[in-house]
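Below is one structure; the comments refer to it alone.
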Amino acid sequence: MNELADLSYALDTFYFLICGVLVMWMAAGFAMLEAGLVRSKNTAEILTKNIALFAIACTMYLLVGYYIMYSSSAGGFLPNLGFLIGTENSADAVLAGGDDAPYYSMRSDFFFQVVFVATAMSIVSGAVAERMKLWAFLAFAVVMTAFIYPVSGYWTWGGGWLSEVGYSDYAGSGIVHMAGAAAALAGVLVLGPRKGKYGKDGSIHAIPGANMPLATLGTFILWMGWFGFNGGSELKMSDIGSANNVAQVFVNTNAAAAGGVIAALILAKLWFRKADLTMALNGALAGLVAITADPLSPSALGAAIIGAVGGLIVVAAIVTLDKLKLDDPVGAISVHGVVGIWGVLAVPLNNGDASFGAQLIGIVGIFGWVFIASLVVWLVLKAVMGIRVSEEEEYEGVDIAECGLEAYPEFSVKK
């Protein structure tokens with residue numbers, strides 16, 4: 001019996017860690033996607049933001065975020081404040097067995113959770129690209145990953161009041177993706193659009209990205225990493241039921257992404273008369289975001305339909321936000337925010353334990369908290385240090401102004 005418990009613990013810990021590595025790889029996906037969708041003169045800065053925000057997220061969640069999210073009383077509203085991630089499970093606790101026995105290492109739990117925090121913060125970087133000061137963004141990342149995200153994370157996955165209400169979000173359509181989009185929306189509202197994006201007559205001027213192969217590579221990396229994102233959220237696989245669940249989650253995740261691509265591509269062809277690659281890429285991500293709230297309950301065909309609806313929604317959302325003059329260079333608010341809401345609302349369609357009422361309360365609670373808290377932080381940063389680069393720096397590109405180098409120096413015209 002002890003040997004079986006020992007083996008199960010080791011297997012589940014290993015599975016959790018590998019899924020965490022897959023989610024960490026999504027950081028590369030976000031970096032490549034965003035680097036492909038911005039102009040070449042802003043590429044080095046967006047890459048700097050992505051690697052720096054990952055490091056900040058890992059450090060701040062280690063210091064305070066994990067404690068806030070998982071060390072507070074059940075059903076509460078205000079989290080406990082504290083530091084570091086606590087002690088590891090003892091061998092006696094594991095081998096004792098029973099329902100309360102831990103089935104994976106606490107360190108593996110921390111590792112899996114910390115890469116989720118970095119994912120939420122990565123959503124923000126693309127939406128505010130090409131005109132935000134690097135150090136203002138990194139200052140926001142400190143607050144977002146140390147406090148804003150962990151508080152709503154405590155309300156849900158940490159056993160707080162939203163968990164008691166019955167809010168259901170298997171891998172984080174709302175908890176991670178919508179939260180990141182809410183922070184991004186607040187930043188975009190304070191920051192304003194890029195120069196030249198919108199004309200005084202209400203016209204909208206497209207600003208194409210510099211590298212579509214890179215953006216496509218980033219999307220495939222994110223698609224791959226999402227298997228860890230959703231699959232790891234089963235938390236274990238050392239028994240038959242859990243192993244079957246993991247397989248179902250993988251199949252549904254893949255089906256939803258495929259459905260999102262097909263639906264977005266068809267709608268783009270009908271609407272714009274062109275097979276728009278950027279819409280297809282965002283369609284894949286929309287399908288993935290949509291299924292993340294519950295990748296276990298639907299059938300594979302049901303998952304494909306949920307993803308397809310997400311793909312349709314994201315195309316409409318991107319066009320609508322542009323008409324509202326909300327400048328989001330990569331479509332992050334549409335993909336992760338609007339479609340994240342759809343994913344949360346789709347849960348009761350297949351999961352009898354979820355209710356639309358609880359899901360709506362969760363949407364309002366998470367979005368409201370993250371948006372308002374982020375808006376306050378953005379406004380404070382604007383007053384203290386400024387958050388937008390100068391017009392000249394924006395025109396020349398933020399690579400030189402912020403990083404002192406260019407991603408593509410051979411393309412520059414030297415005087």
Side-chain angles (χ1 to χ4, degrees), residues 30 33-42 46 122-132 177-178 180-212 215-216 218-219 260-261 263-290 308-343 367 371 374-375 378 387-389 391 394-395 398:
F30 279 114
L33 176 68
E34 293 169 18
L37 292 178
V38 301
R39 288 167 288 183
S40 59
K41 63 184 180 180
N42 301 310
I46 199 80
S122 294
I123 293 165
V124 183
S125 65
V128 299
E130 301 201 293
R131 73 270 200 207
M132 174 169 277
H177 296 279
M178 185 183 67
L185 177 61
V188 167
L189 288 172
V190 176
L191 190 62
R194 291 168 290 176
K195 296 297 180 184
K197 176 64 177 175
Y198 303 113
K200 293 181 180 180
D201 59 352
S203 58
I204 301 170
H205 305 134
I207 302 178
N211 195 324
M212 289 301 103
T216 305
T219 302
V261 172
L265 195 60
I266 291 174
L267 181 56
K269 176 63 176 175
L270 294 174
W271 196 343
F272 314 128
R273 300 291 186 264
K274 300 293 181 183
D276 191 316
L277 172 61
T278 61
M279 292 300 180
L281 299 180
N282 278 324
L285 301 178
L288 291 162
V289 170
V309 173
L312 298 175
I313 290 172
V314 79
V315 175
I318 289 171
V319 173
T320 301
L321 261 61
D322 241 357
K323 290 181 178 179
L324 294 174
K325 297 187 177 181
L326 294 173
D327 185 15
D328 179 357
V330 304
I333 297 170
S334 299
V335 170
H336 302 276
V338 180
V339 179
I341 291 172
W342 155 243
F367 188 91
F371 178 79
S374 299
L375 187 63
W378 287 126
I387 63 172
R388 183 158 186 152
V389 299
E391 285 192 32
E394 184 177 348
Y395 177 78
V398 292

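No hydrogens, no waters, no symmetry mates; every other heavy atom, side chains included, goes into these values.
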Query - Whether K323 side chain and I204 backbone form a donor-acceptor pair below 3.5 Å - result: no

Query raised in the report: Out of curiosity, E130 CD to L37 CG, how far, rounded to the nearest 0.5 Å?
Result: 9.5 Å

Query raised in the report: Has the side chain of D328 got a donor or acceptor atom that lies under 3.5 Å from a matching backbone atom of I333?
Result: yes

Report task. Report the distance from atom CG of D322 to atom OH of Y198, rounding to the nearest 0.5 Å. Result -> 4.0 Å

Requested in this report: Could you tell me which non-hydrogen atom of N282 sits nearest to which non-hydrogen atom of V335, and how far apart they are?
Outcome: OD1-CG2, 3.4 Å

Requested in this report: Would you check if M212 and T278 make a side-chain contact, meaning some heavy-atom pair closer than 4.5 Å?
Outcome: yes

Query raised in the report: Quick one: are V338 and V314 in side-chain contact, heavy atoms under 4.5 Å?
Result: no

Report task. Might you point out which heavy atoms bring S125 and E34 nearest each other, and give the distance in Å? Result -> OG-OE1, 2.7 Å

**Report entry** CZ (F272) with more than 12 external heavy atoms under 6.0 Å
**Finding:** yes

Report summary line: Residues K325 and G199: closest non-hydrogen pair is NZ-O, 4.0 Å

Report summary line: Closest heavy-atom pair, S40 versus A210, reported as atoms and distance to 0.1 Å, is N-CB, 3.4 Å

Query raised in the report: Between NE2 of H336 and CG of L185, what distance do you get to the nearest 0.5 Å?
Result: 14.0 Å

Report summary line: Distance col, row I318:CD1 vs L326:CG, nearest 0.5 angstrom, shows 13.0 Å

Report task. May I ask you to decide if V188's main-chain N or O and W378's side chain share a donor-acceptor pair within less than 3.5 Å? Result -> no

Requested in this report: Measure across A332 and A181 and return the closest heavy-atom pair with its distance rounded to 0.1 Å.
Outcome: O-CB, 4.4 Å

Query raised in the report: Any donor-acceptor pair under 3.5 Å linking the side chain of R131 with the backbone of K195?
Result: no

Query raised in the report: Under the side-chain contact (heavy atoms from CB on, under 4.5 Å) criterion, do T216 and L281 qualify, and how do the steps go?
Result: CA-CA 7 Å; T216 305; L281 299 180; 4.0 Å; yes

Query - Interatomic distance, I313 atom CD1 to T320 atom OG1 [nearest 0.5 angstrom] - result: 11.0 Å

Requested in this report: Grab the two heavy atoms, one from K197 and one from A206, that are nearest each other, plus how far apart they are.
Outcome: NZ-CA, 4.2 Å

Query raised in the report: Between CG of L189 and OG of S374, what distance do you get to the nearest 0.5 Å?
Result: 11.0 Å

